[in-house]
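Here's the structure we're looking at; comments come further down.
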Amino acid sequence: MKTKTLIGAIVGRGPLSAPLVKQMKTLGHTVIDNGEWQQGSHLDFVVETTNVNMEEKKKNLIKIENIISEKTLILSTCLRITATEAASWLKHPERLVGFAAFSTWEETNLIEIAPALQTDFDYVIKAKNIFQMMGKEVEVVEDGVGCVFPRILSLIINEAAFALTEKIATPEHIDKAMKKGTNYPMGPLAWADHVGIDEIYAVLSGLYKEMGEERYRPAPMLRKMVYAGWLGKKSGRGFYLYES
């Protein structure tokens with residue numbers, strides 16, 4: 001049976017934006033550029049991907065809602081805030097579904113989706129269908145900052161950053177010890193560079209704000225690296241140096 005052709009839009013500066021556009025087009029679906037939207041545009045879904053700047057994310061979501069029709073599904077990354085908080089900015093919060101992916105889109109096999117407290121279950125089904133159509137496995141999780149995998153990995157990376165700051169070992173030795181000791185595919189500092197230092201910092205900042213517990217406090221080194229633009233592989237420099 002032929003898959004329905006979908007019409008969607010991708011908004012935001014998150015690392016998933018460009019790969020999502022590419023895959024949608026590869027699968028034969030239509031991606032509408034922001035500048036082509038009109039009031040009441042009938043899209044099947046819109047994805048908002050901003051993770052670091054929450055003022056920008058809020059403006060994006062409000063602008064999206066003011067343009068699209070009332071029934072359009074809104075998918076919003078929820079690394080720094082909960083889906084419930086993002087949905088609270090909308091007039092029709094029932095159609096927002098949070099989601100999280102924490103690697104390159106091409107490498108991500110599992111998408112975690114987190115319904116807001118306000119979300120209508122019909123939109124959860126729509127969200128699952130869209131991600132499955134893109135070839136991803138989907139797991140529905142409770143709404144929490146960072147969801148599951150991003151939250152746990154960010155805490156591991158944060159501890160490694162504190163260890164580095166305290167000069168317990170070099171980045172190479174920290175990564176080697178963790179790879180050998182846990183059989184991780186890469187060490188936590190190399191993993192941070194792979195995901196993006198700003199994405200790690202977004203999760204930790206959100207957790208620290210949400211929980212107020214010391215264990216979630218981002219290592220000062222991570223904050224400085226974000227300010228310096230040392231964001232990992234995508235910037236050419238993170239905990240390691242990369243060829244541009």
Side-chain angles (χ1 to χ4, degrees), residues 3-83 85-87 89-90 92-93 95-116 119 123-138 146-147 150 195-196 198-199 202-203 231 233-235:
T3 304
K4 174 189 173 184
T5 300
L6 299 176
I7 303 175
I10 316 297
V11 181
R13 304 184 186 183
L16 298 181
S17 291
L20 274 169
V21 170
K22 181 179 179 180
Q23 184 168 22
M24 285 290 294
K25 291 181 176 179
T26 299
L27 292 172
H29 301 291
T30 302
V31 181
I32 303 296
D33 184 82
N34 297 357
E36 298 174 356
W37 292 15
Q38 297 178 354
Q39 197 72 32
S41 293
H42 292 285
L43 306 176
D44 293 299
F45 67 94
V46 180
V47 183
E48 206 292 323
T49 68
T50 303
N51 294 320
V52 179
N53 187 328
M54 290 299 97
E55 284 302 313
E56 180 180 324
K57 188 177 191 71
K58 185 174 183 178
K59 288 178 181 178
N60 284 345
L61 287 171
I62 292 173
K63 180 180 178 181
I64 288 167
E65 185 172 48
N66 287 336
I67 295 175
I68 61 177
S69 64
E70 293 183 5
K71 299 298 184 181
T72 301
L73 167 67
I74 300 176
L75 294 164
S76 178
T77 51
C78 51
L79 294 186
R80 190 164 185 169
I81 59 172
T82 62
E85 181 177 351
W89 301 333
L90 304 179
H92 299 281
R95 38 74 173 281
L96 185 139
V97 178
F99 77 99
F102 217 42
S103 185
T104 63
W105 178 254
E106 295 80 3
E107 294 175 353
T108 297
N109 295 318
L110 176 69
I111 300 294
E112 298 176 28
I113 63 173
T119 303
Y123 289 100
V124 177
I125 300 300
K126 290 179 181 179
K128 288 181 67 174
N129 290 340
I130 285 171
F131 285 125
Q132 288 171 346
M133 172 271 296
M134 295 182 187
K136 306 299 183 183
E137 185 179 345
V138 178
C147 292
V195 171
D198 51 342
E199 302 292 291
V203 174
L231 306 181
K233 282 187 174 181
K234 60 186 175 184
S235 69

Do the side chains of [Y] and [X] get nearer than 4.5 Å, heavy atoms only?
X	Y	value
Glu107	Phe102	no
Ile32	Thr30	yes
Leu20	Met134	yes
Phe45	Ile68	no

Gap separating the [atom1] atom of [X] from the [atom2] atom of [Y], nearest 0.5 angstrom:
X	Y	atom1	atom2	answer
Lys128	Glu137	NZ	CD	10.5 Å
Ser76	Ile64	OG	CD1	8.0 Å
Ser103	Leu110	OG	CG	12.0 Å

**Q.** Pair Glu65 + Arg95, salt bridge at N-O below 4.0 Å
**A.**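 Yes.
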
**Q.** Carboxylate-amine/guanidinium contact Arg13 Asp198, below 4.0 Å
**A.** no

Under 3.5 Å: donor-acceptor pair, side chain of [X], backbone of [Y]:
X	Y	answer
His29	Leu6	yes
Lys136	Trp105	yes
Thr119	Leu96	yes
Asp44	Gly8	no
Ser17	Gly12	yes

Q.
As a test of understanding, state which of Thr49, Thr50, Val52, Ile62 forms a side-chain contact (heavy atoms from CB on, under 4.5 Å) with Lys57.
A. Thr50

**Q.** Residue pair Phe99, Val138: steps toward the side chain to side chain contact (heavy atoms under 4.5 Å, CB included) verdict
**A.** CA-CA 10 Å; Phe99 77 99; Val138 178; over 6 Å; no

So which heavy atom on [X] is nearest to which on [Y], and how close?
X	Y	answer
Pro93	Ala87	CB-O, 3.1 Å
Ala127	Leu75	CB-CD2, 3.6 Å
Ala100	Leu79	CB-CD2, 3.9 Å

Q) Which of these passes side-chain hydrogen bond (donor to acceptor under 3.5 Å, both in side chains) with Asn51: Arg80, Glu199, Glu56? A) Glu199

Q: Take Ile130 and Leu73 through the side chain to side chain contact (heavy atoms under 4.5 Å, CB included) test and state the conclusion after the steps.
A: CA-CA 10 Å; Ile130 285 171; Leu73 167 67; 3.7 Å; yes

Q: Check the pair Tyr123, Lys71 against side chain to side chain contact (heavy atoms under 4.5 Å, CB included), reporting the backbone distance first and the verdict last.
A: CA-CA 9 Å; Tyr123 289 100; Lys71 299 298 184 181; 3.9 Å; yes

